[in-house]
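Here is the structure we will look at.
We use all heavy atoms of the structure for the numbers below, so side chains are in, but hydrogens, waters and symmetry mates are not. Bear in mind the structure is a predicted one, so any value in this text is a computation, not a measurement.
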Amino acid sequence: MSRGIAAMGGIGMERRSLLEVLTSGLVRLIEEGNYQIGDRLPSVSALASQFGVATPTLREAARRLEATGTIEFRHGSGIYVSGDTRRLVIANPNRSDIGDVATLDVLDTRLLIEPELAGRAARRGDETQIAEIKAELAAAAQAIAGRREPDITQMNMRFHVAIARAAGNQVLTETLQSTVELYEPQQRVIGDLYADLQHDHEEHSSIYDAIAHRDPVKAAELMRAHLEGVIAVVSRKLREHADSDQ
């Protein structure tokens, strides 16, 4: 890295912009340096010196990675690794409010892919991955007991993503993860509309049990029923709200 950006870019510099090469270099630095999520990277000025570019140029390249969720700038603290450098599918960081109709579309998207993912998790998930699903379920149970509703929302989504990871398809996992991130701004509203944390958790527990017992048909059926139930309640409540506003 100390040889500067020219040495890193090589012939590819003719085809890629300086920012693209810098961004690739930052990703390589994270991977080759074995940085983990939560680790702090060198300062912007130190990285600029390492890559042989001006500080504003390095900062602009780093902002590109921040937009993908790979790193984050913490005011007064520095730059930290915040996501998987290998992730290809991400939610648009510049998205606007997705609205009621799009919220239902996102739920419908999840309905199309998550039953299959649950079935595959039951067939393919290794013991470590299934233990991860169980851990997310247990964390949600603790949050429910402590009535930490913002935490419950986050943990419930992590439960769904853990199932996707156990299914063994990286692209589908990243697709669901991005969908969950897009869905997150609306999740609090949907949680208020659904308004049954205990029932939601019980359904999650049943899905986990089917996966842990290696029953792909039951896991898929339970996930489908779970999401269809959420969609039914949310759709009805949204219609009721729309009618009351008229």
Side-chain angles (χ1 to χ4, degrees), residues 36-40 69 72 74 77 80-84 87 91 103 106-107 109-111 113-115 117-168 172-216 218-234 237:
Q36 304 299 313
I37 293 175
D39 288 350
R40 185 169 65 177
E72 64 175 326
R74 297 182 188 173
S77 181
Y80 290 80
V81 178
S82 57
D84 188 348
R87 184 175 168 190
T103 297
V106 171
L107 281 169
T109 299
R110 292 179 58 193
L111 178 62
I113 64 175
E114 287 201 60
L117 289 174
R120 290 189 181 194
R123 288 195 300 270
R124 302 178 179 178
D126 61 32
E127 294 306 316
T128 299
Q129 291 168 328
I130 292 177
E132 179 186 357
I133 300 169
K134 184 178 182 180
E136 298 295 356
L137 188 66
Q142 291 181 348
I144 292 171
R147 303 194 64 80
R148 304 193 312 273
E149 294 191 14
D151 292 343
I152 297 167
T153 296
Q154 183 183 38
M155 291 167 186
N156 281 342
M157 293 300 97
R158 286 167 58 179
F159 169 81
H160 283 272
V161 173
I163 290 174
R165 277 196 289 268
L172 283 177
T173 299
E174 293 182 3
T175 299
L176 177 62
Q177 191 170 356
S178 297
T179 302
V180 164
E181 290 171 0
L182 180 64
Y183 178 53
E184 189 273 336
Q186 300 295 317
Q187 183 62 43
R188 195 181 305 275
V189 173
I190 289 179
D192 290 340
L193 292 173
Y194 191 67
D196 196 341
L197 292 173
Q198 190 58 46
H199 180 67
D200 190 52
H201 183 73
E202 289 170 359
E203 291 190 341
H204 281 183
S205 297
S206 296
I207 293 166
Y208 163 74
D209 287 342
I211 292 172
H213 285 91
R214 305 295 186 178
D215 189 336
K218 187 174 182 180
E221 289 176 348
L222 288 171
M223 181 65 82
R224 179 174 299 281
H226 170 61
L227 291 172
E228 286 177 343
V230 174
I231 291 171
V233 171
V234 170
K237 295 286 185 68

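Applying the salt bridge (charged side-chain N to carboxylate O under 4.0 Å, His left out) test to Glu203 and every residue at least two apart in sequence or in another chain returns nothing. Qualifying salt bridge (charged side-chain N to carboxylate O under 4.0 Å, His left out) partners for Arg214, counting only residues two or more places apart in sequence or in other chains: Glu127. Residues passing the side chain to side chain contact (heavy atoms under 4.5 Å, CB included) test with Ala219 are Ala118, Ala122, Ala210, Ile211, sequence neighbours excluded. Under the side chain to side chain contact (heavy atoms under 4.5 Å, CB included) criterion, Ala139 pairs with Met155, sequence neighbours left out. In terms of the side-chain hydrogen bond (donor to acceptor under 3.5 Å, both in side chains) criterion, residue partners of Glu72 (sequence neighbours excluded) are, by chain and number, Arg74. Residues satisfying the side-chain hydrogen bond (donor to acceptor under 3.5 Å, both in side chains) test with Ser77, not counting sequence neighbours, are Tyr80. With sequence neighbours left out, the salt bridge (charged side-chain N to carboxylate O under 4.0 Å, His left out) criterion links Glu221 to no other residue. Partners of Asp209 by side chain to side chain contact (heavy atoms under 4.5 Å, CB included), not counting sequence neighbours, listed by chain and number: His213. Under the rule for a salt bridge (charged side-chain N to carboxylate O under 4.0 Å, His left out), the partners of Arg123 that lie at least two apart in sequence or sit in another chain are Glu116. Judged as a side chain to side chain contact (heavy atoms under 4.5 Å, CB included), and not counting sequence neighbours, the contacts of Ser206 are Leu222. Considering only residues two or more places apart in sequence or on other chains, His226 meets the ring-ring contact (aromatic ring centres under 6.0 Å, His included) condition with His160, His204.
Taking OG1 of Thr173 as the reference point, atom CD1 of Ile163 lies at 11.0 Å (rounded to 0.5 Å). Interatomic distance, OG of Ser82 versus CG of Asp39, reported as 11.5 Å (0.5 Å rounding). Taking CG of Leu137 as the reference point, atom CD1 of Ile207 lies at 9.5 Å (rounded to 0.5 Å).
Shown here for Ile133 and Ala166, the closest heavy-atom pair between the two residues is CD1-CB, 4.1 Å. Taking both residues in full, the closest heavy atoms of Ile144 and His201 are given as CD1-CB, 3.6 Å, listed atom of the first, atom of the second, then distance. Closest of all the heavy-atom pairs between Ala220 and Pro115 is CB-O, 3.3 Å. In this structure, Val161 and Gln177 approach most closely via the heavy-atom pair CG2-CA, 4.3 Å. The two atoms that bring Glu228 and Leu111 nearest to each other are CG-CD1, 3.8 Å, heavy atoms only. Gly168 approaches Arg124 most closely through the heavy-atom pair O-NH1, 4.5 Å.
For residues 132-142, the pairs satisfying side chain to side chain donor-acceptor pair (under 3.5 Å) are Glu132-Arg165, Glu136-Arg158, with sequence neighbours left out.
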Derivation and outcome, side-chain contact (heavy atoms from CB on, under 4.5 Å), residues Arg110 and Leu176 | CA-CA 7 Å; Arg110 292 179 58 193; Leu176 177 62; 4.1 Å; yes

